Undergrad: 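Would you mind keeping the following structure in view while I ask a few things?
Small disclaimer: the values here were computed from a predicted structure and weren't measured.
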Amino acid sequence: MRSPVRKQRREAAEMVRTDRETTANRLLKASANLSYDPHVDIDWNAPLVDGSFFIPERTVSLYGTPLWDRMSHEQRVELSRQELINSVSVGIWFEIILMQMLLRMSYNTDPTTAHVRYALTEIADECRHSTMFSMLIEKVGGRPYRNPRPLQLTAQALPLILRGPSMWVATLIGEEVFDALQREHLKDETVQPLVRAVMRIHVTEEARHVRYAREDLMRLLEHSPWPVREFTRDVVAVGALMLARILARPKQYARAGLPDPKRAAELAWANPQRRETLASGASRLVRFLAEADLIGGPSKKLWRDSGLLA
């Protein structure tokens, strides 16, 4: 009995390996054909446009609230600037965690495979993205946002804990929601041209990262036992709630000059317009995860609390 089981396992592992290599080779070619260097491909000397928003007006967290109606145009623009700075600060934090996870995966995998070579290529992309976001914060005259110490310390353990399916869903919750929201920047000509240039690069290269994560997640899930699938469900649900929370932290309202930052954060959290924006940004990912049976059970409540589930 053991020999046929071992043979089936070997055949399944070979199928995964072959499929991985096919995907990785395709993505390596795409990376060679279309990649950017933010130092070269963005005009950092171009002046900012006075009075222009830094993110689409309709995606600012207080848009549509009575407080928003009382704010001047200058206050609204400033809040949009702070929300941009916060979002790219979160982006840098997330990308550093992702790079650590990819490095650990590569450390334990055959370095001559295309799968690892693409992982290393993605790490190089993420290094440039983090550099680009850092330069953007400096260009718009801001200071990066830092996470509360408990979250910062807890997140240090993630590269050690998350692997396989849980690593890929953590990747997707960070990449796909941001990707969808940043695509809104490209459509909105009222947004600062410099911000749109940054988002265009990020969206283009993140599309490859999303494909890499999605395809490997589905390969691994096919052979994962129930406890692994349930843990993966929990990881992505917690990630969704955490992402929604840190994108509306009181400090950004304080820096925008609002008199009651905590109350502003509460208004933003309850704002139907903001929740609709988040749910719209997460809709493509939610459909994918639902089809993979990764939204459900007790963790589904976290999705509802996050506002990312329509």
Undergrad: Is it the case that R275 places NZ or CZ above or below the six-membered ring of W269, under 6.0 angstrom from the centre and within 45 degrees of the axis?
TA: yes

Undergrad: So, does D41 use its side chain to make a donor-acceptor pair with the main chain of A197 at under 3.5 Å?
TA: no

Undergrad: Below 4.0 angstrom, N of the basic side chain to O of the carboxylate: do R287 and E291 qualify?
TA: no

Undergrad: May I ask you to decide if L241's main-chain N or O and S306's side chain share a donor-acceptor pair within less than 3.5 Å?
TA: no

Undergrad: Salt bridge or not for D188 and R196, using N-O below 4.0 Å?
TA: no

Undergrad: Measure from the side-chain N and O atoms of S283 to the backbone N and O of S280, and report whether any donor-acceptor pair falls under 3.5 Å.
TA: yes

Undergrad: Below 4.5 Å, heavy atoms only, C-beta onward: do V116 and D110 meet side chain to side chain?
TA: no

Undergrad: Taking the side chain from N25 and the backbone from E21, do they hold a donor-acceptor pair closer than 3.5 Å?
TA: yes

Undergrad: Should V77 and F54 count as side-chain neighbours, where that means a heavy-atom distance under 4.5 Å?
TA: yes

Undergrad: Taking the basic N atoms (NZ, or NE/NH1/NH2) and the acidic carboxylate oxygens, is any pair closer than 4.0 Å for E78 and R255?
TA: no

Undergrad: Give a yes or no on whether the ring-centroid distance for W168 and Y212 is below 6.0 angstrom.
TA: yes

Undergrad: Are L79 and E83 packed together at the side-chain level, in the sense that at least one heavy-atom pair is separated by less than 4.5 angstrom?
TA: yes

Undergrad: If I compare all heavy atoms of G297 with all of R233, which pair ends up nearest, and what's the gap?
TA: N-NH1, 3.7 Å

Undergrad: Can a donor-acceptor pair be found, under 3.5 Å and without considering hydrogens, that links the side chain of R20 to the backbone of T113?
TA: no

Undergrad: Can a donor-acceptor pair be found between the side chains of Q82 and Y253 at a distance below 3.5 Å?
TA: no

